[in-house]
Amino acid sequence: MPELPEVETVRRTLAPAVGLRVLEVWTSGLPLRLNHPVPTAALRDATLGRTIEAVRRWGKYLLIDLCDRLVPGPASMLVHLGMSGRLRLMDASQPRPAHTHVALALAAGRARTPTVELRYSDPRRFGVVDLVVRGQERAHPALAGLGVDPLHDGLTGELLYTASRGVRRGIKLFLLDQGVLAGVGNIYASEALWVARIRPGMQARLLTRPRAEALAQAVHEVFARALEHGGTSLRDFVNADGLEGENAHYLHVYDRAGQPCPRAECGQLIRRTVVQGRSTFHCPRCQRR
DNA sequence: AGACAAACCTGTCTGC
DNA sequence: TGCAGACAGGTTTGTC
(Lines give C-alpha, C1' and ligand atoms only; values in the text may rest on other atoms or scores of the structure.)
Protein backbone atom coordinates (compact mmCIF):
# COMPACT_ATOMS: atom_id res chain seq x y z
CA MET A 1 0.00 0.00 0.00
CA PRO A 2 2.17 2.80 1.23
CA GLU A 3 4.95 4.43 -0.72
CA LEU A 4 7.20 7.24 0.43
CA PRO A 5 4.52 9.97 0.64
CA GLU A 6 2.20 7.74 2.66
CA VAL A 7 4.97 6.63 5.02
CA GLU A 8 6.09 10.24 5.45
CA THR A 9 2.49 11.22 6.20
CA VAL A 10 2.37 8.56 8.91
CA ARG A 11 5.71 9.80 10.28
CA ARG A 12 4.41 13.37 10.54
CA THR A 13 1.15 12.35 12.17
CA LEU A 14 3.08 10.32 14.75
CA ALA A 15 4.58 13.54 16.13
CA PRO A 16 2.31 13.54 19.23
CA ALA A 17 3.93 10.25 20.31
CA VAL A 18 7.32 11.92 20.68
CA GLY A 19 8.11 12.45 24.35
CA LEU A 20 5.77 9.72 25.56
CA ARG A 21 7.04 6.77 27.59
CA VAL A 22 6.36 3.09 26.89
CA LEU A 23 4.51 1.43 29.77
CA GLU A 24 3.45 -1.86 28.21
CA VAL A 25 4.25 -3.90 25.12
CA TRP A 26 1.79 -6.34 23.60
CA THR A 27 2.22 -8.53 20.50
CA SER A 28 -0.13 -10.91 18.71
CA GLY A 29 2.47 -13.64 18.32
CA LEU A 30 1.65 -14.02 14.62
CA PRO A 31 4.55 -13.83 12.17
CA LEU A 32 4.83 -11.00 9.63
CA ARG A 33 6.80 -10.84 6.36
CA LEU A 34 8.71 -14.00 5.46
CA ASN A 35 7.23 -15.72 8.45
CA HIS A 36 9.34 -13.60 10.81
CA PRO A 37 7.86 -13.35 14.27
CA VAL A 38 7.89 -9.95 15.98
CA PRO A 39 10.81 -10.18 18.46
CA THR A 40 8.63 -9.65 21.50
CA ALA A 41 11.25 -10.11 24.22
CA ALA A 42 13.80 -7.88 22.52
CA LEU A 43 11.10 -5.32 21.80
CA ARG A 44 10.23 -5.19 25.51
CA ASP A 45 13.89 -4.83 26.45
CA ALA A 46 14.37 -2.03 23.99
CA THR A 47 11.21 -0.08 24.66
CA LEU A 48 9.77 -0.64 28.15
CA GLY A 49 10.25 2.40 30.35
CA ARG A 50 11.88 4.30 27.53
CA THR A 51 10.72 7.44 25.79
CA ILE A 52 10.03 7.91 22.10
CA GLU A 53 12.64 10.41 21.09
CA ALA A 54 11.99 10.81 17.39
CA VAL A 55 10.37 9.13 14.42
CA ARG A 56 12.51 8.90 11.31
CA ARG A 57 11.83 7.57 7.82
CA TRP A 58 14.15 5.84 5.41
CA GLY A 59 12.54 5.05 2.07
CA LYS A 60 9.40 3.14 3.02
CA TYR A 61 10.75 2.24 6.48
CA LEU A 62 9.97 4.03 9.72
CA LEU A 63 12.39 4.14 12.63
CA ILE A 64 10.97 4.91 16.04
CA ASP A 65 13.87 5.99 18.24
CA LEU A 66 13.76 5.16 21.92
CA CYS A 67 15.94 6.42 24.70
CA ASP A 68 16.18 6.62 28.45
CA ARG A 69 17.02 9.77 30.37
CA LEU A 70 19.84 7.98 32.22
CA VAL A 71 20.91 5.29 29.78
CA PRO A 72 21.12 6.54 26.21
CA GLY A 73 18.87 4.24 24.19
CA PRO A 74 20.64 2.50 21.40
CA ALA A 75 17.52 0.99 19.87
CA SER A 76 14.97 1.95 17.27
CA MET A 77 11.85 0.07 16.35
CA LEU A 78 11.84 -0.59 12.61
CA VAL A 79 8.48 -0.69 10.86
CA HIS A 80 7.55 -1.39 7.23
CA LEU A 81 3.86 -1.24 6.40
CA GLY A 82 3.97 -3.77 3.57
CA MET A 83 0.71 -3.63 1.62
CA SER A 84 -1.91 -3.37 4.32
CA GLY A 85 -0.05 -2.21 7.42
CA ARG A 86 -1.32 0.66 9.54
CA LEU A 87 0.45 2.47 12.34
CA ARG A 88 -2.00 4.37 14.47
CA LEU A 89 -1.99 6.42 17.61
CA MET A 90 -5.22 5.66 19.40
CA ASP A 91 -6.82 6.38 22.70
CA ALA A 92 -5.99 3.46 24.98
CA SER A 93 -9.69 3.00 25.78
CA GLN A 94 -10.58 2.44 22.10
CA PRO A 95 -10.78 -1.20 21.01
CA ARG A 96 -7.78 -2.41 19.04
CA PRO A 97 -8.35 -2.69 15.29
CA ALA A 98 -8.68 -6.18 13.81
CA HIS A 99 -5.32 -7.75 12.96
CA THR A 100 -3.35 -5.71 15.46
CA HIS A 101 0.08 -7.29 15.90
CA VAL A 102 1.94 -4.82 18.10
CA ALA A 103 0.69 -2.31 20.65
CA LEU A 104 2.85 0.02 22.75
CA ALA A 105 0.95 1.61 25.63
CA LEU A 106 2.21 5.16 26.14
CA ALA A 107 1.98 7.82 28.81
CA ALA A 108 3.33 11.29 29.42
CA GLY A 109 5.92 12.01 32.11
CA ARG A 110 5.72 9.92 35.27
CA ALA A 111 2.12 8.80 34.75
CA ARG A 112 1.46 5.14 35.61
CA THR A 113 -1.63 4.75 33.44
CA PRO A 114 -1.32 4.67 29.66
CA THR A 115 -3.39 7.25 27.82
CA VAL A 116 -2.65 6.28 24.23
CA GLU A 117 -1.46 3.22 22.32
CA LEU A 118 0.72 3.06 19.26
CA ARG A 119 -0.79 0.17 17.31
CA TYR A 120 0.50 -1.72 14.31
CA SER A 121 -2.18 -3.62 12.42
CA ASP A 122 -1.68 -5.56 9.20
CA PRO A 123 -4.28 -8.02 7.81
CA ARG A 124 -2.01 -9.39 5.08
CA ARG A 125 1.06 -9.54 7.31
CA PHE A 126 3.45 -8.43 4.57
CA GLY A 127 4.94 -5.81 6.87
CA VAL A 128 7.98 -5.80 9.15
CA VAL A 129 8.44 -4.95 12.81
CA ASP A 130 11.97 -5.36 14.09
CA LEU A 131 14.70 -3.65 16.08
CA VAL A 132 17.81 -1.89 14.89
CA VAL A 133 20.76 -0.49 16.75
CA ARG A 134 20.94 3.27 16.44
CA GLY A 135 23.91 4.33 14.37
CA GLN A 136 24.19 0.87 12.88
CA GLU A 137 21.09 0.96 10.70
CA ARG A 138 22.99 -0.40 7.73
CA ALA A 139 23.69 -3.59 9.67
CA HIS A 140 20.02 -4.52 9.33
CA PRO A 141 19.43 -6.52 6.13
CA ALA A 142 16.30 -4.54 5.26
CA LEU A 143 18.21 -1.25 5.33
CA ALA A 144 21.59 -2.46 4.11
CA GLY A 145 20.85 -2.16 0.41
CA LEU A 146 18.59 0.89 0.37
CA GLY A 147 19.37 3.53 -2.23
CA VAL A 148 18.91 7.28 -2.20
CA ASP A 149 15.92 8.73 -0.37
CA PRO A 150 14.54 11.49 -2.62
CA LEU A 151 13.41 13.63 0.31
CA HIS A 152 16.63 13.62 2.34
CA ASP A 153 19.41 12.93 -0.08
CA GLY A 154 18.47 15.15 -2.97
CA LEU A 155 17.67 12.97 -5.94
CA THR A 156 19.39 14.32 -9.05
CA GLY A 157 19.20 13.59 -12.75
CA GLU A 158 22.89 12.80 -12.62
CA LEU A 159 22.26 10.01 -10.13
CA LEU A 160 19.53 8.45 -12.27
CA TYR A 161 21.70 8.81 -15.35
CA THR A 162 24.72 7.16 -13.73
CA ALA A 163 22.77 4.35 -12.06
CA SER A 164 20.93 3.45 -15.26
CA ARG A 165 24.02 2.89 -17.45
CA GLY A 166 23.94 -0.61 -18.90
CA VAL A 167 20.57 -1.46 -17.33
CA ARG A 168 18.43 -3.28 -19.86
CA ARG A 169 15.32 -3.53 -17.72
CA GLY A 170 12.44 -1.17 -18.33
CA ILE A 171 12.63 2.26 -16.71
CA LYS A 172 9.59 1.55 -14.54
CA LEU A 173 11.26 -1.47 -12.95
CA PHE A 174 14.40 0.61 -12.50
CA LEU A 175 12.39 3.23 -10.57
CA LEU A 176 10.88 0.50 -8.39
CA ASP A 177 14.33 -0.82 -7.45
CA GLN A 178 14.72 0.23 -3.80
CA GLY A 179 18.47 -0.16 -4.11
CA VAL A 180 18.53 2.77 -6.52
CA LEU A 181 15.75 4.98 -5.18
CA ALA A 182 14.22 4.23 -1.81
CA GLY A 183 10.54 5.05 -1.66
CA VAL A 184 9.09 4.86 -5.17
CA GLY A 185 6.32 2.27 -5.48
CA ASN A 186 3.83 1.20 -8.10
CA ILE A 187 1.58 4.28 -8.06
CA TYR A 188 4.26 6.96 -8.17
CA ALA A 189 6.38 5.11 -10.74
CA SER A 190 3.53 5.43 -13.25
CA GLU A 191 2.85 9.00 -12.14
CA ALA A 192 6.45 10.20 -12.45
CA LEU A 193 6.89 8.61 -15.88
CA TRP A 194 3.77 10.39 -17.13
CA VAL A 195 5.04 13.73 -15.82
CA ALA A 196 8.43 13.12 -17.48
CA ARG A 197 6.75 11.83 -20.69
CA ILE A 198 8.70 8.56 -20.65
CA ARG A 199 7.24 5.21 -21.73
CA PRO A 200 7.32 2.71 -18.81
CA GLY A 201 8.87 -0.03 -20.95
CA MET A 202 11.80 2.03 -22.27
CA GLN A 203 15.11 0.41 -21.39
CA ALA A 204 16.71 2.29 -18.51
CA ARG A 205 20.08 2.44 -20.29
CA LEU A 206 18.49 4.60 -23.02
CA LEU A 207 17.80 7.41 -20.56
CA THR A 208 19.58 10.55 -21.81
CA ARG A 209 20.95 13.20 -19.46
CA PRO A 210 18.11 15.66 -20.12
CA ARG A 211 15.47 12.97 -19.68
CA ALA A 212 17.13 11.73 -16.49
CA GLU A 213 16.92 15.30 -15.21
CA ALA A 214 13.24 15.49 -16.17
CA LEU A 215 12.57 12.19 -14.41
CA ALA A 216 14.29 13.29 -11.19
CA GLN A 217 12.20 16.47 -11.24
CA ALA A 218 9.08 14.39 -11.89
CA VAL A 219 9.69 12.17 -8.86
CA HIS A 220 10.11 15.26 -6.67
CA GLU A 221 6.97 16.76 -8.14
CA VAL A 222 4.68 13.76 -7.67
CA PHE A 223 5.97 13.20 -4.12
CA ALA A 224 5.47 16.86 -3.16
CA ARG A 225 1.97 16.82 -4.60
CA ALA A 226 1.06 13.61 -2.76
CA LEU A 227 2.45 14.95 0.52
CA GLU A 228 0.36 18.12 0.20
CA HIS A 229 -2.71 15.92 -0.02
CA GLY A 230 -1.76 13.62 2.85
CA GLY A 231 -0.98 10.61 0.64
CA THR A 232 -3.03 8.38 -1.65
CA SER A 233 -5.79 6.19 -0.21
CA LEU A 234 -7.07 3.76 -2.81
CA ARG A 235 -8.16 1.19 -0.27
CA ASP A 236 -6.29 0.79 2.98
CA PHE A 237 -4.06 3.76 3.66
CA VAL A 238 -4.74 5.97 6.65
CA ASN A 239 -2.38 8.19 8.64
CA ALA A 240 -1.62 7.77 12.35
CA ASP A 241 -4.88 9.58 13.17
CA GLY A 242 -6.90 7.13 11.08
CA LEU A 243 -7.61 9.72 8.36
CA GLU A 244 -7.43 8.90 4.64
CA GLY A 245 -5.28 10.90 2.23
CA GLU A 246 -6.84 12.94 -0.56
CA ASN A 247 -4.26 12.37 -3.27
CA ALA A 248 -6.26 9.72 -5.15
CA HIS A 249 -8.27 12.63 -6.58
CA TYR A 250 -5.10 14.18 -7.94
CA LEU A 251 -3.45 11.21 -9.67
CA HIS A 252 -2.71 11.80 -13.36
CA VAL A 253 -2.83 8.25 -14.73
CA TYR A 254 -2.81 5.61 -11.98
CA ASP A 255 -6.07 3.63 -11.98
CA ARG A 256 -7.40 5.84 -14.78
CA ALA A 257 -7.44 3.39 -17.71
CA GLY A 258 -9.87 4.53 -20.41
CA GLN A 259 -9.99 8.11 -19.16
CA PRO A 260 -8.54 10.95 -21.24
CA CYS A 261 -4.94 11.99 -20.61
CA PRO A 262 -5.09 15.06 -18.33
CA ARG A 263 -2.90 17.10 -20.68
CA ALA A 264 -5.53 19.33 -22.26
CA GLU A 265 -3.89 19.30 -25.69
CA CYS A 266 -3.66 15.48 -25.67
CA GLY A 267 -6.85 13.76 -24.57
CA GLN A 268 -5.64 10.31 -25.67
CA LEU A 269 -7.09 7.54 -23.52
CA ILE A 270 -4.92 6.25 -20.67
CA ARG A 271 -3.83 2.66 -21.16
CA ARG A 272 -3.30 -0.05 -18.55
CA THR A 273 -0.56 -2.61 -19.14
CA VAL A 274 0.94 -5.25 -16.89
CA VAL A 275 4.67 -5.09 -16.11
CA GLN A 276 6.03 -7.89 -13.96
CA GLY A 277 2.51 -8.70 -12.94
CA ARG A 278 1.77 -5.18 -11.74
CA SER A 279 -0.66 -2.63 -13.13
CA THR A 280 1.04 0.13 -15.06
CA PHE A 281 -0.65 3.19 -16.55
CA HIS A 282 0.54 5.52 -19.28
CA CYS A 283 -0.59 7.79 -22.09
CA PRO A 284 0.30 6.24 -25.45
CA ARG A 285 0.62 9.67 -27.06
CA CYS A 286 2.54 11.69 -24.42
CA GLN A 287 4.80 8.76 -23.54
CA ARG A 288 5.84 7.41 -26.92
CA ARG A 289 9.54 6.99 -26.20
C1' DA B 1 22.05 -9.14 -15.47
C1' DG B 2 17.48 -9.89 -15.75
C1' DA B 3 12.92 -12.02 -17.07
C1' DC B 4 9.36 -14.45 -14.99
C1' DA B 5 6.50 -16.85 -11.71
C1' DA B 6 5.25 -17.95 -7.30
C1' DA B 7 5.09 -17.10 -2.58
C1' DC B 8 3.66 -14.69 1.77
C1' DC B 9 -1.97 -13.44 3.64
C1' DT B 10 -6.54 -11.28 3.95
C1' DG B 11 -10.13 -8.38 2.26
C1' DT B 12 -12.92 -6.55 -1.35
C1' DC B 13 -14.97 -6.26 -5.59
C1' DT B 14 -16.89 -8.34 -9.99
C1' DG B 15 -19.45 -11.39 -12.59
C1' DC B 16 -22.17 -15.38 -13.01
C1' DT C 1 -27.77 -14.42 -1.75
C1' DG C 2 -23.86 -17.17 -2.68
C1' DC C 3 -19.69 -18.38 -4.56
C1' DA C 4 -15.55 -18.53 -7.45
C1' DG C 5 -12.02 -15.78 -9.30
C1' DA C 6 -9.41 -11.68 -9.90
C1' DC C 7 -7.01 -8.22 -7.84
C1' DA C 8 -4.59 -5.08 -4.35
C1' DG C 9 -0.09 0.33 -2.93
C1' DG C 10 5.49 -4.67 -1.31
C1' DT C 11 9.27 -7.69 -1.21
C1' DT C 12 11.71 -12.17 -1.44
C1' DT C 13 13.03 -16.40 -3.60
C1' DG C 14 13.81 -19.68 -7.10
C1' DT C 15 14.23 -21.09 -11.98
C1' DC C 16 15.65 -20.36 -16.43
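These numbers come from a predicted model, not from an experiment. Reminder, nothing fancy here: chain letters follow the sequence lines and each chain counts from 1.
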A:H99 side chain near B:dT10 phosphate (N/O to OP1/OP2, under 4.0 Å)
no

Does A:K60 have a side-chain nitrogen or oxygen under 4.0 Å from the phosphate oxygens OP1 or OP2 of C:dG9?
no

Of the options C:dG10, B:dC9, C:dG9, whose atoms approach the side-chain atoms of A:R124 most closely?
B:dC9

Closest to the side chain of A:M83, out of B:dC4, C:dA8, B:dG2, is C:dA8

d(CZ, A:R125; P, B:dA7) in whole Å:
17 Å

Is it the case that more than 12 heavy atoms not belonging to A:R263 sit under 6.0 Å from its CZ atom?
yes

Among C:dG9, C:dT11, C:dT13, which is the nearest nucleotide to the side chain of A:H80?
C:dT11

Among the nucleotides B:dT10, C:dG10, B:dA3, whichever has the atom closest to the side chain of A:P123 is B:dT10

Please tell me which of the listed nucleotides, C:dA8, C:dG10, B:dG2, lies nearest to the side chain of A:R272?
C:dA8

Does C:dA8 have OP1 or OP2 under 4.0 Å away from a side-chain N or O of A:S279?
yes

Can you tell me which stems involve DNA chain B, if a stem is defined as three or more consecutive Watson-Crick or G-U wobble pairs, both distances under 3.5 Å?
B:2-8 with C:10-16, B:10-16 with C:2-8

Length of the CZ-C1' vector between A:R165 and B:dG2, whole Å
17 Å

Checking A:R56 side chain against A:D65 main chain: does a donor-acceptor pair fall under 3.5 Å?
no

